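What follows is a set of notes on a single structure, which appears directly below.
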Amino acid sequence: MFMWLHQYAKTEAAYSLCNRLIPWFAAISMGCLVTGTVWGLLFAPSDYQQGDAFRIIYIHVPAAMLSMSTYIAMAVAALVGLVWQWRTAFMAMIAIAPVGAAVTFIALFTGAAWGKPMWGAWWVWDARLTSELILLFLYCGVIALYCAFDDKQQAGKAAGVMALVGVVNVPVIHFSVQWWNTLHQGATITRLDKPAIATQMLWPLLINIVGMAAFIFTISCVRLKNEIIRREQRRPWVQQLVHSNEAKNEL
């Protein structure tokens, strides 16, 4: 298993893998997001308490859940880079970071838009909201620390350590509604006994979660490809790739 994975420590192999995966995940993302969003916004029944205002969950919940999952993926890439010294792992880490930051911002923005009609305020210093805001700061910190170094291998190590330290915030976000008395509602689709949401509302939400996960993966792979080209531009295989693309454009 490890030997199979080890081949992708080479930038050329990682670039080739991204090329193979991007079309598939882009198609999954497009299909799921269109299906789930149209289903949720137009055909799912209204909530008996919140009316149509609840429909923001089809954006907010996937963004909130995947903001944490994306951070864990970034931290795993950082761990691989630090333990095995894979340059591609550090490249993957910094490719994921801005995507995760954008998803976290979407979660915060849609949460505020949802909170205004429900709580009467755009923002409250609720435990879940505050810890999610800290997550956004952690993403920005990883990006800023990486950009502060000219030596990108050292930058990856420094930013990787910060990413790993920030993992402690992920369980705080997840369990905040259980550990503290908060305004934010508890778990709905992750309850072990039965989801606290009607089936007609649940399915489009699950489809959108899959779609957004595929979208995050697609954009991260595109960013990883760009990072590899930028960092490896003097390598013969990159120069050959550039010349090949130039020749195709001329035709």
Side-chain angles (χ1 to χ4, degrees), residues 1-33 66-67 69-104 139-164 167 210-251:
M1 174 72 177
F2 177 78
M3 293 303 296
W4 172 83
L5 188 62
H6 187 75
Q7 64 180 311
Y8 296 110
K10 298 179 180 179
T11 53
E12 187 173 1
Y15 186 92
S16 177
L17 179 64
C18 288
N19 276 337
R20 293 197 300 271
L21 294 179
I22 285 174
W24 292 98
F25 279 89
I28 293 171
S29 171
M30 181 65 68
C32 288
L33 286 176
L66 292 169
S67 66
S69 302
T70 304
Y71 192 93
I72 292 173
M74 182 184 72
V76 169
L79 179 64
V80 171
L82 289 168
V83 173
W84 287 288
Q85 298 296 305
W86 289 7
R87 296 174 64 245
T88 49
F90 289 135
M91 293 179 192
M93 176 195 71
I94 200 58
I96 293 170
V99 183
V103 172
T104 305
Y139 275 120
C140 293
V142 169
I143 297 168
L145 189 57
Y146 186 86
C147 294
F149 288 79
D150 292 329
D151 184 341
K152 292 308 177 185
Q153 190 67 8
Q154 293 301 317
K157 293 178 181 179
V161 170
M162 183 175 183
L164 289 175
V167 169
V210 173
M212 186 169 288
F215 178 76
I216 291 170
F217 185 87
T218 301
I219 300 302
S220 297
C221 283
V222 171
R223 285 186 48 79
L224 176 56
K225 284 178 56 180
N226 292 338
E227 183 70 13
I228 289 173
I229 292 297
R230 188 180 67 82
R231 294 273 299 275
E232 304 287 287
Q233 56 185 314
R234 298 184 183 277
R235 295 293 182 90
W237 72 269
V238 175
Q239 294 180 358
Q240 183 179 0
L241 179 66
V242 172
H243 293 326
S244 177
N245 289 337
E246 290 176 349
K248 290 180 180 179
N249 292 335
E250 289 178 357
L251 294 176

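For reference, positions follow the sequence shown, starting with 1. Just so you know, these numbers come straight off a predicted model, no measurement behind them.
What you find for Leu82 and Gly160 is that their closest heavy atoms are CD1-C, 3.9 Å. Gly156 and Met93 make their closest contact through O-CE, 3.8 Å (heavy atoms, listed as atom of the first residue, atom of the second, distance). The minimum heavy-atom distance linking Cys18 with Leu224 is given by the pair SG-CD2, 3.7 Å. Considering all non-hydrogen atoms of both residues, Phe90 and Ala78 come closest at CE2-O, 4.0 Å. Looking at every heavy atom in both residues, Ile96 comes nearest to Thr70 through CG2-CG2, 3.4 Å. Across all non-hydrogen atoms, the minimal contact from Val238 to Gln233 is CG1-CA, 3.7 Å.
Judged by distance alone, the side chain of Thr104 and the main-chain N or O of Gly100 form a donor-acceptor pair under 3.5 Å.
Between Met74 and Tyr139 there is a side-chain heavy-atom pair separated by less than 4.5 Å.
Shown here is Trp24, whose CH2 atom has no more than 12 heavy atoms of other residues, nucleotides or ligands within 6.0 Å. Summarising the local packing, CZ of Arg20 is surrounded by more than 12 heavy atoms from other residues, nucleotides or ligands at distances under 6.0 Å. For Phe215, the CZ atom is loosely surrounded, since the number of other residues' heavy atoms within 6.0 Å does not exceed 12. Sparse packing is recorded around CG of Asp150, with 12 or fewer heavy atoms of other residues, nucleotides or ligands lying under 6.0 Å away.
For the atom pair CZ of Arg235 and OH of Tyr15, the computed distance is 15.0 Å after rounding to the nearest 0.5 Å. Distance check, rounded to the nearest 0.5 Å: CG of Leu79 to CH2 of Trp84 gives 6.5 Å. Atom-to-atom distance recorded for Leu145:CG and Ile94:CD1 is 9.0 Å, nearest 0.5 angstrom. Put simply, CG on Leu241 and CD on Gln239 are 11.0 Å apart, with the number rounded to the nearest 0.5 Å. The OG1 atom of Thr11 lies 4.0 Å from the CD atom of Glu232; values are rounded to the nearest 0.5 Å. The distance from the NZ atom of Lys225 to the CD1 atom of Ile22 is 4.5 Å, given to the nearest 0.5 Å.
Ring-plane geometry between Phe217 and Phe25 is classed as tilted, the angle between the planes lying from 30 to 60 degrees on a 0 to 90 degree scale.
Using a cutoff of 4.0 Å between basic side-chain nitrogens and carboxylate oxygens, Lys152 and Glu227 are not scored as salt-bridged.
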